[in-house]
Amino acid sequence: MFEIKKICCIGAGYVGGPTCSVIAQMCPSIKVTVVDVNEARISAWNSDTLPIYEPGLKEVVESCRGRNLFFSTSIDDAIREADLVFISVLSNPEFLAEGTAIKDLKNPDRVLIGGDDSPEGQKAVRALCAVYEHWVPKEKILTTNTWSSELSKLAANAFLAQRISSINSISALCEATGADVEEVARAIGTDQRIGNKFLKASVGFGGSCFQKDVLNLVYLCEALNLPEVARYWQQVIDMNDYQRRRFASRIIDSLFNTVTDKKIAILGFAFKKDTGDTRESSSIYISKYLMDEGAKLHIYDPKVPKEQIILDLSHPGVSEDNQVSRLVTISKDPYEACDGAHALVICTEWDMFKELDYERIHKKMLKPAFIFDGRRVLDDLHNELQVIGFQIETIGKKVSAKRIPFASSCEIPKFSLQDPPVKKPRV
């Protein structure tokens with residue numbers, strides 16, 4: 001059997017960088033070169049400050065960089081030298097979750113490799129299987145044809161996104177009836193046929209994969225004349241969008257139907273904790289909706305650089321003209337963000353937000369002081385926070401018997417970062 005000694009991976013992003021770093025660490029006899037046209041990104045991979053944040057990644061890179069792991073912009077040379085080039089020979093979809101990517105790579109549920117039924121295709125499949133067999137048990141390495149592997153990737157993410165949209169739909173019903181979506185999720189999650197994974201109600205899913213892969217599935221179904229199937233999966237995206245708009249409407253209505261010129265602290269900008277990735281983050285959407293109403297946003301995230309936040313909010317589909325410079329301030333810590341604020345909004349479930357000194361925060365906020373918990377991270381603190389004096393609004397639960405009545409009167413239009421920007425007429 002042909003033995004792989006040199007691997008080239010095209011693309012030094014959130015998938016290529018971590019995946020090939022782990023391959024290099026687990027296969028010390030294989031030279032792994034990750035190439036990219038972005039010189040700044042490659043320079044970062046070769047520095048002490050990696051271009052992405054992922055728990056455990058820095059240690060993996062430093063253990064083999066310069067030995068059998070290399071990052072380069074010399075794409076042609078790397079391809080010529082390689083025995084195997086990722087993305088160009090066969091399908092090897094990733095099933096990584098940001099925040100646990102290194103753990104997922106070292107101990108995967110499965111590795112899926114798809115290839116053509118031709119002799120060349122099967123030879124490539126066997127060669128890549130041998131690479132993974134350095135650390136992955138053979139029974140966890142699945143081989144399929146190319147279509148099956150690609151569709152498996154789309155279907156896996158679509159099923160996970162579907163579960164989130166399903167529990168988020170129930171969260172709206174819980175708020176209307178007095179039920180607690182966490183109790184409902186726990187009750188149905190104990191059913192072994194359902195399981196308890198991905199039943200956490202929130203302000204909506206984000207990240208680079210879920211929306212993209214569901215929309216790819218929708219497009220594929222439409223192209224293959226399966227409109228009913230396309231509409232079914234489109235509803236997963238529509239429900240996610242509805243949850244974001246509903247949460248933003250709740251903020252506006254609870255603040256007495258206007259947020260114009262009101263300071264609102266946004267805690268968390270990454271699409272989830274333990275990553276600096278902001279792609280399709282619900283924070284972008286919530287910020288856009290609040291900016292459209294004239295709110296002054298003070299944003300804090302422990303891992304997302306100021307430049308990335310400004311870039312995301314300056315997207316033509318998110319803001320216009322000087323909206324960001326007028327309405328957005330990036331804070332150096334959560335206390336600064338909340339100082340003088342009418343409300344604080346938790347958009348990312350960073351653990352540090354459970355440990356904040358909320359009494360200190362409350363003293364510096366305007367009254368009545370509101371907390372909008374879009375991630376249910378403060379559930380264990382509700383009684384304490386109410387004693388301090390906070391008005392608490394959260395996903396899928398009525399917290400206070402004395403809560404200000406909520407009846408949505410704010411109609412927020414849909415938008416997508418994938419859509420071309422709509423220019424509003426100038427008055």
Side-chain angles (χ1 to χ4, degrees), residues 2-54 56-96 98 101-102 104-106 108 111-116 120-121 123-136 146 149-150 153 207-209 212 275-279 305 307-308 311:
F2 180 71
E3 184 180 359
I4 301 295
K5 294 183 178 179
K6 293 181 180 180
I7 289 176
C8 170
C9 174
I10 301 175
Y14 282 89
V15 175
T19 299
C20 285
S21 295
V22 169
I23 289 176
Q25 186 183 55
M26 307 306 284
C27 308
S29 62
I30 298 177
K31 178 184 176 182
V32 180
T33 304
V34 184
V35 295
D36 202 294
V37 295
N38 189 323
E39 292 185 7
R41 179 178 293 171
I42 291 298
S43 295
W45 278 109
N46 285 317
S47 73
D48 292 332
T49 305
L50 302 185
I52 64 175
Y53 171 74
E54 186 69 39
L57 175 60
K58 193 168 190 280
E59 293 77 5
V60 171
V61 172
E62 291 178 346
S63 72
C64 46
R65 186 176 58 195
R67 191 183 72 227
N68 70 319
L69 174 63
F70 302 90
F71 298 93
S72 172
T73 55
S74 301
I75 299 175
D76 292 343
D77 291 342
I79 291 175
R80 275 194 296 268
E81 292 179 6
D83 299 317
L84 186 147
V85 180
F86 270 105
I87 81 169
S88 67
V89 178
L90 42 78
S91 172
N92 178 211
E94 49 82 22
F95 297 95
L96 307 179
E98 289 186 51
I102 302 303
D104 296 340
L105 285 163
K106 291 187 175 182
V111 170
L112 182 57
I113 301 172
D116 294 338
E120 294 81 4
K123 179 182 178 181
V125 168
R126 289 193 298 271
L128 187 53
C129 283
V131 172
Y132 281 108
E133 285 170 9
H134 279 79
W135 79 96
V136 180
T146 305
S149 66
E150 290 299 313
K153 166 65 174 176
S208 64
C209 290
K212 168 180 64 66
T275 181
D277 193 353
T278 63
R279 289 175 293 179
E307 296 76 17
Q308 185 62 51
L311 180 65

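Residues take their numbers from the sequence shown, with the count starting at 1. Just so we're clear, the structure is a prediction, and the values are computed from it rather than from any experiment.
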Item checked: NZ-SG distance between Lys153 and Cys209, expressed to the nearest 0.5 angstrom -> 4.0 Å
Check: Is any side-chain N of the basic residue among Lys5 and Glu81 closer than 4.0 Å to the acidic one's carboxylate O?
Finding: no
Notebook entry, point to check: Do Leu128 and Ile4 come close enough that some side-chain heavy atom pair is under 4.5 Å?
Noted result: no
Margin query: As an exercise, state the distance from OG of Ser47 to CD1 of Ile42, rounded to the nearest 0.5 Å.
Written below: 11.0 Å
Notebook entry, point to check: Do Ile52 and Pro18 have side chains that get closer than 4.5 Å, going by heavy atoms?
Noted result: yes
Note to self: A side-chain contact here means heavy atoms from C-beta on lying under 4.5 Å apart; do Val60 and Lys106 qualify?
What the structure shows: yes
Notebook entry, point to check: Say you draw a straight line from CD1 of Ile23 to SG of Cys64; how long is it, rounded to the nearest 0.5 Å?
Noted result: 11.0 Å
Check: Has the side chain of Glu54 got a donor or acceptor atom that lies under 3.5 Å from a matching backbone atom of Ala101?
Finding: yes
Next item on the list: Tell me, with the steps shown, if Glu98 and Arg279 meet salt bridge (charged side-chain N to carboxylate O under 4.0 Å, His left out).
Entry: CA-CA 12 Å; Glu98 289 186 51; Arg279 289 175 293 179; 3.7 Å; yes
Margin query: Working to the nearest 0.5 angstrom, can you tell me the gap between Lys58 NZ and Asp48 CG?
Written below: 5.5 Å
Check: Does the side chain of Ser29 reach to within under 4.5 Å of the side chain of His134, using non-hydrogen atoms?
Finding: yes
Next item on the list: Determine whether Leu84 and Cys8 make a side-chain contact, defined as any pair of heavy atoms from C-beta on separated by less than 4.5 Å.
Entry: no
In a table with atom names and distances, give each donor-acceptor pair under 3.5 Å that connects a side chain of residues 68-76 to protein atoms at least two apart or in another chain.
unit_1	atom_1	unit_2	atom_2	d
Asn68	ND2	Ala24	O	2.9
Asn68	ND2	Cys27	O	3.2
Asn68	ND2	Ile30	O	2.9
Ser72	OG	Ser74	N	2.9

Next item on the list: Report yes if some heavy atom in the side chain of Thr33 is under 4.5 Å from a heavy atom in the side chain of Cys9; otherwise report no.
Entry: no
Item checked: Smallest separation among heavy atoms of Lys212 and Ser208, with atom names -> CE-O, 3.1 Å
Item checked: Shortest non-hydrogen contact from Ala12 toward Asp36 -> N-OD2, 2.9 Å
Note to self: Can you give me the closest heavy-atom contact between Val34 and Gly11, atom names plus distance?
What the structure shows: CG1-O, 3.7 Å
Notebook entry, point to check: For Lys6, does its backbone N or O pair with a side-chain atom of Asp83 as donor and acceptor, under 3.5 Å?
Noted result: yes
Notebook entry, point to check: Backbone N or O of Trp45 within a donor-acceptor pair of the Arg65 side chain at under 3.5 Å?
Noted result: yes
Note to self: Ignoring hydrogens, what is the shortest heavy-atom contact between Val32 and Cys20? Give both atom names and the distance.
What the structure shows: CG1-CB, 3.5 Å
Margin query: Once rounded to the nearest 0.5 Å, what's the spacing between atom CD1 of Ile10 and atom CZ of Phe86?
Written below: 11.5 Å
Next item on the list: Taking the side chain as every heavy atom from C-beta outward, state whether Tyr132 and Ile113 have any atom pair closer than 4.5 Å.
Entry: yes
Check: Can you tell me if Thr19 uses its side chain to pair, donor with acceptor, with the backbone of Gly16 under 3.5 Å?
Finding: no
Notebook entry, point to check: At what distance, to the nearest 0.5 angstrom, does CG of Leu57 lie from CD of Glu62?
Noted result: 9.5 Å
Item checked: Nearest heavy-atom neighbours spanning Pro28 and Arg67 -> CB-NH2, 4.5 Å
